Structures are given as structure tokens and as C-alpha cells.
Amino acid sequence: MDSSHRYNEATNLEVSGDSEDSATTMSSAGPEEEEDDAESCVNGGDDDCGCRDERWISWSTWCEESAIEYETAEVDGRDAPREAYASSSTPINSFAFFKSYTHPPNNGNSFTFQSLLKSCSKSRSIAHSTQLHCLISKLGFICCTSVQKALLKCYVVCGRLHVARFLFDEMLERDIVSYNIMISGYFELGDTLSAIELFECAPNPNRVSWTAMVTGFCNNGDSLMARRYFDEMPDKDLVSWNAMISGYVRNQQPLQALHLFVLMQMERFRPNRVSIVSVLLACASSGALDAGKWIHVYVNKNKFRLDAFLGSALIDMYTKCGAVEFGLDVFTSLKAKNTCVWNTMINGLALNGHARRALDVFDQMQLGASIRPDEITFVGILMACSHGGFLEEGRRHFYCTSKKWKEVEKIRKIMKNMGIEKIPGSSSIEINNMIHEFISGNKSHPRYTDICAELEELRKKMNTEGYHAEITEVLYDIDEEEKEHALGHHSEKLAIGFGLISTAPGTTLRIFKNLRVCTDCHSATKLISKICKREIIVRDRVRFHHFKDGVCSCNDFW
DNA sequence: ATAGGGTTAG
């Protein structure tokens, strides 16, 4: 396939807009058409021997015996295809609908069962899956390969891999689709070895199989292995690129995600909304505001439909980059606001310390828009309150997470034994469209010595202002001097030092840290903002700190 | 057609 063709394909995907939703809009063809496959595998089928009646009896018996509480099927137009109903409904509704629709001698065909199974896998209902499995066996549809695959999927999404494997091994015709279902199933359970094994014996792995490997490894935290498969993949398409990009985002490697996004376009693939949402997440978690703005322009230029998905991603990006007003602009311009959109806005405001505004939006959500808040909304509201300093008692209680060295030591040992390393502190700063990342204690930045000299200079000035390193926070029982050294090289200090020496006086510094800012860095940054007459904005894992003239916007609540 | 990619928090 040549690149220009791929380009067009990608464009069409975007321009048509709704194409990615087509999975829920089933084709109307099918249900009433008799399928050869199904007909040939049904046992009997002769009126004279009473098979049809018997089938109907077993169906109704099963309905009663399965103790399913039927809900009233409400469908617009009784002639709506059963598939459409099944794919957009719960299995209970689908069964009820099937029952109300089915009169002897019409017991449905293989399509009917495929759709019912689809609704089972959608709701991950093992009970309904097994019941349907029984019925399908009774009626003889189990020999139909498409029904088998649908059943396979049910067991896979319900986590019953051993059952799925049994069915898989029993299948007479195993096509690439069944292999792919099994591969993702193994990854879902974290059984990467079995997934690899299946992939390697897969007759002819296609793009879906390769992408399943990429996604599978990413979901299991192994982006390195995912990248290896991605690089080896012979014929990548947009979905495979998106899988790798979003995989990097999920594994907290936003810079790699951004890099791959650029690479993707160099390979003449045109980003669609999925790529855009993923890369916005990368911008949000690395604080790449300029990159994020560029994406927003791209979205407008290419007339991407601004739906709740894209809208929340944009609001999330802006607020996590400290640009609250831009986030609010997107929020107000959004026509369809679902719970997620409201939550994103509330959390974004809370994150930036705008407690009052977050609570206002919360009121608006319930009173003005009548959207029901969920648990995520409440987490956001709590966050807003705590950052607003409304929970002082909580804070006092908290100060009682602080000198238990022995406990800390124990936890560290357990973590090490489990193979979990402490997450290294990492801070990034965007300068001239370049993102510089600093890891605490890492000396690899080309200007490392200059940065240290600058920090040393600052320390002297800070000491005259009465600053002494607050060492209690290092939470490790090393001697005082070592503690002070470790503090001096916290990643945010390195980023600030670099920002100071590489930007014009007075320029605002925007730092992004993956962990929380420690007390020492907090008071040091306050002083630095005063000494250097700079505004310094630090976003840590939990919230924003706007430092100016020796004061922080969080009023020391965090 | 069935299989692979995307939103909010802790």
C-alpha cells in the first residue's frame, strides 16, 4: 500500500467523523436472512420429527430455569434488528427482547446468537455466557465457527482463559481472528508468555495480531518490548501507531509518545482523533503547553468534531499545563457536556487551587445541567476543598506520612524484594519548544555543571536570607550531610536552575514534576522566586504551585 | 462481520 493511499484513508476516517462509532450501529442486514452455516449445523430441523417444537420447549424452559429477571424491552419500532438491540443493551434486555420476538418455529439463526453473545461479552457476564453456551449447544449452533468465535470472546473477556483455550483447541477451523482473541486474552491476564507462544505459532499474523502484541506489552508495563514488536511490524496502519503512542502515555513516557507522534507524521500518517486524544494526554502529563496548543490549532484547522472525548482531553491538557482560562474556553464552547467533561473541569480548577470556582462549576453541573455527579466528581471536590485550606485538621493529622524511619525502611525493603523500585523524581521544563527532563541525581544534562554552579550560588544567597535545608522530608535514615546533598539535587531544583540560566531575566518558569514537591524544595522555590524576581509555576503530581515574591499560591497547603 | 488504538481521580 503506498503512502498516499494511507493518507487518504486516514483523512476519510476523520472527515466522516462518525466512522469510529459505527461499531455500535449495526448493519440492518443479517437477522432475517437465513444463513447457510447455521442452517447446516442445526440438528434435525424437520417438522415431522418434532425437532422445532422441542427446540422451542428447551428455549422456554431454559428461560425460566435460568432465573433471569426480565426487564421490559423498550425499543423504538418493533422491527429494529435484533443485532442492533443486542449490541447496545444489557444481556438481560437482549434475552427479553429475543424471547418476545421469537415465536415457534422461528428460533433465530446464528446471527441471533452472535448478537446475544456480543451483548454478553460487552457486559462481561459469565453467568449469561454459560447459559447461552448451553442453549447454543442444545440447538446445535455450536458447530458454527462465527458463533464459536463470539463465545470465545465471551470467555476471554470474563477472564475464563482456560475455558476459552479448551474451546479454541477444540475448534476445527481456527482462523486469525480466533488467534487474535486468544492473544489479547492472555495479555489481559498478564500471561505474556502464552501470548507470545500463540503469536509465534499463529499461521499468518496480520496487523491486528501485531497491534495486539504492542498493546498487550504496553498494558503489562513493558513498553520496551512493545516497541520492539512495533518496529518489527511489517505493515503498520494508523491503529498500530495509535496503539504505541497511547501505550507510551499509559506507561508514563509522554516524551516518547510525543516523539512517536512526530515520527508518525513524518511517515505520512495523518493523525485521527484517537491519535489526538493520546497525544493530548502526553502533553498533559509532561506539561508541554506549546505542543498542546499546537494540537488544538490542528484540531480546529482540520475541523475535528469537538465531542466530549476530545473536549475533555483538551480541558485536561490545558488545566494540567496551568492554563486554566484556556481550559474554561474549551469547556464553555463544548455543546455536549457529559459527566467526564464536568469532572475534568472541576478537577482542573481544583488542581490549580481555584477551590471556589470548582465548587461553582459543581453547582452548575447539578442545578443548571442536571448531570449526576459520580465518585470522580467527589474526589475532585474534596481535592478543591483540601487545596483551599478547608481541611486544616486533616493536615495536622497528616503531619503526625513523618519520622518513622523504621517503617519506611521496612516498606522500602518489601518494595525492593517485589522488584518495585522507588519512582525516581523527574521534572521537566519547556524552553524554546524543547522539553528538558531532569531525573534526581542524574548528571547527564549537557549543562549540568553550570546548573550546579547556579544552584550553589543561589544557596549562598538563600542562606543569608535565613534558609536551612528542611531535611525531615528525605524520609531515609542517611546522615544529615548526605540528606542535604540529596535535597540539593532534587529534580525540580535542577530544572529551576536550568531555567534560570537559559532564559531572559523575568521570564516565568514552568516546571512539571511527576512526584509531589517536598517541603524543602517548596520553601527553597519561594525564596528563589523572591531572590531572582521570577514567577515560578510548579505542577507536581497533585496540584499547582504558583511562586511569586517569596509566596506560594497554595499558602503552604498541599 | 468477528480481532488491534482514545477522556476525568486516587
Side-chain angles (χ1 to χ4, degrees), chain A residues 13 20-23 26-27 29-30 35 37 83 87 110-111 114-115 117-118 121 144-154 156-157 175-185 187 202 205-216 218-219 226 229-230 233 236-250 257 264 269 271-282 284 307-317 319-320 327 331 334 337-351 373-384 541-542:
Chain A
L13 245 171
E20 63 273 17
D21 296 329
S22 62
M26 296 288 292
S27 138
E35 206 220 17
D37 234 10
E83 275 77 2
S87 65
S110 68
F111 280 117
Q114 279 180 62
S115 347
L117 286 167
K118 196 176 176 180
S121 52
C144 170
T145 48
S146 48
V147 172
Q148 287 173 347
K149 279 181 275 182
L151 197 55
L152 205 61
K153 173 91 181 165
C154 282
V156 162
V157 299
D175 63 1
I176 190 67
V177 176
S178 29
Y179 272 90
N180 292 342
I181 295 171
M182 289 303 293
I183 287 173
S184 350
F187 273 122
N206 61 10
R207 284 196 286 221
V208 179
S209 333
W210 281 94
T211 311
M213 294 305 279
V214 171
T215 311
C218 285
N219 287 343
Y229 275 86
F230 179 77
M233 185 173 173
K236 301 180 190 56
D237 66 1
L238 195 61
V239 177
S240 16
W241 282 92
N242 288 343
M244 193 65 234
I245 292 173
S246 67
Y248 274 135
V249 176
R250 279 198 303 284
M264 173 179 109
F269 280 94
N272 68 355
R273 62 196 315 110
V274 177
S275 340
I276 294 294
V277 169
S278 303
V279 88
L280 282 172
L281 289 175
D307 62 358
F309 243 103
L310 201 50
S312 330
L314 277 169
I315 297 167
D316 183 53
M317 180 277 293
T319 55
K320 287 209 175 121
F331 179 73
L334 263 184
K337 295 187 186 67
N338 60 12
T339 313
C340 181
V341 173
W342 287 94
N343 289 349
T344 311
M345 195 65 247
I346 290 170
N347 283 313
L349 287 166
L351 186 77
D374 59 11
E375 66 273 22
I376 298 176
T377 322
F378 287 111
V379 173
I381 291 302
L382 284 173
M383 194 162 79
R541 194 169 60 81
V542 183

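What you see is a predicted model; the values in this text were computed from it and never measured. Numbers restart at 1 for each chain; the letters A, B, ... are given by sequence-line order, proteins then strands.
- The closest donor-acceptor contact from the side chain of A:Thr215 to the backbone of A:Ala212 lies at 3.5 Å or more, if one exists at all.
- Out of B:dT2, B:dA9, B:dG5, the shortest distance to the side chain of A:Glu375 is found at B:dA9.
- No donor-acceptor contact under 3.5 Å links the side chain of A:Thr344 to the base of B:dT8.
- Checking the phosphate oxygens (OP1, OP2) of B:dA3, no side-chain nitrogen or oxygen of A:Lys149 falls inside 4.0 Å.
- Remark: P of B:dG4 and CE of A:Met213 are 14 Å apart, rounded to the nearest angstrom.
- The nearest whole Å value for the distance from the CG atom in A:Asp175 to the P atom in B:dA3 is 11 Å.
- Comparing atom distances between the A:Asn242 side chain and each of B:dT7, B:dG4, B:dG5 picks out B:dG5 as nearest.
- Atom-to-atom, CD1 of A:Ile181 to P of B:dA3 comes out at 6 Å; the value is rounded to the nearest Å.
- Remark: ring of A:Trp241 does not overlap the six-membered base ring of B:dG5 in a stacked fashion, as centroids less than 5.5 Å apart with planes less than 30° apart are not both met.
- One interatomic measurement links the two molecules: CH2 of A:Trp210 to P of B:dG5, which rounds to 17 Å at whole-angstrom precision.
- Judged by distance alone, with hydrogens and angles left aside, A:Asn272 brings no side-chain donor or acceptor close enough to the base of B:dG6 to form a pair under 3.5 Å.
- A:Ile376 places its CD1 atom 10 Å from the C1' atom of B:dG10, with the value rounded to the nearest Å.
- Counting only heavy atoms from C-beta on, A:Val177 has its side chain closest to B:dA3 among B:dT7, B:dG10, B:dA3.
- The CG atom of A:Asn347 sits 9.0 Å away from atom CG of A:Asp316, with the distance rounded to the nearest 0.5 Å.
- A side-chain donor-acceptor contact under 3.5 Å links A:Asp175 to the backbone of A:Ser178.
- Relative orientation of the A:Trp241 and A:Phe230 rings is perpendicular, given thresholds of 30° and 60° on the angle between their planes.
- Atom CG of A:Leu151 and atom P of B:dA3 are 14 Å apart (whole Å).
- The interatomic distance linking A:Met383 (CE) with B:dT8 (C1') rounds to 10 Å, in whole Å.
- Remark: P of B:dT7 and NZ of A:Lys320 are 11 Å apart, rounded to the nearest angstrom.
- Nearest nucleotide to the side chain of A:Val208, out of B:dG4, B:dA9, B:dT7: B:dG4.
- In the interface, the side chain of A:Asn343 is not paired with the base of B:dA9 through any donor and acceptor atom under 3.5 Å apart.
- With B:dT7, B:dA3, B:dG5 as the candidates, the nucleotide lying closest to the side chain of A:Cys340 is B:dT7.
- Between A:Arg250 and B:dG6, a side-chain N or O to OP1/OP2 separation shorter than 4.0 Å is present.
- A:Asp374 places a side-chain N or O within 3.5 Å of a backbone atom of A:Thr377 that can act as its donor or acceptor partner.
- In this structure, A:Ile176 CD1 and A:Ser209 OG are separated by 3.5 Å, a value rounded to the nearest 0.5 Å.
- Residue A:Ile315 is classed as having no contact, given no heavy-atom separation below 4.0 Å to the nucleic acid.
- Looking at the side chain of A:Asp237, the nearest of the listed nucleotides B:dG10, B:dT2, B:dG4 is B:dG4.
- Within the nucleic acid shown, A:Asn206 comes within 4.0 Å of at least one base atom, counting heavy atoms only.
- For B:dT8, the OP1/OP2 oxygens have no side-chain nitrogen or oxygen of A:Lys337 closer than 4.0 Å.
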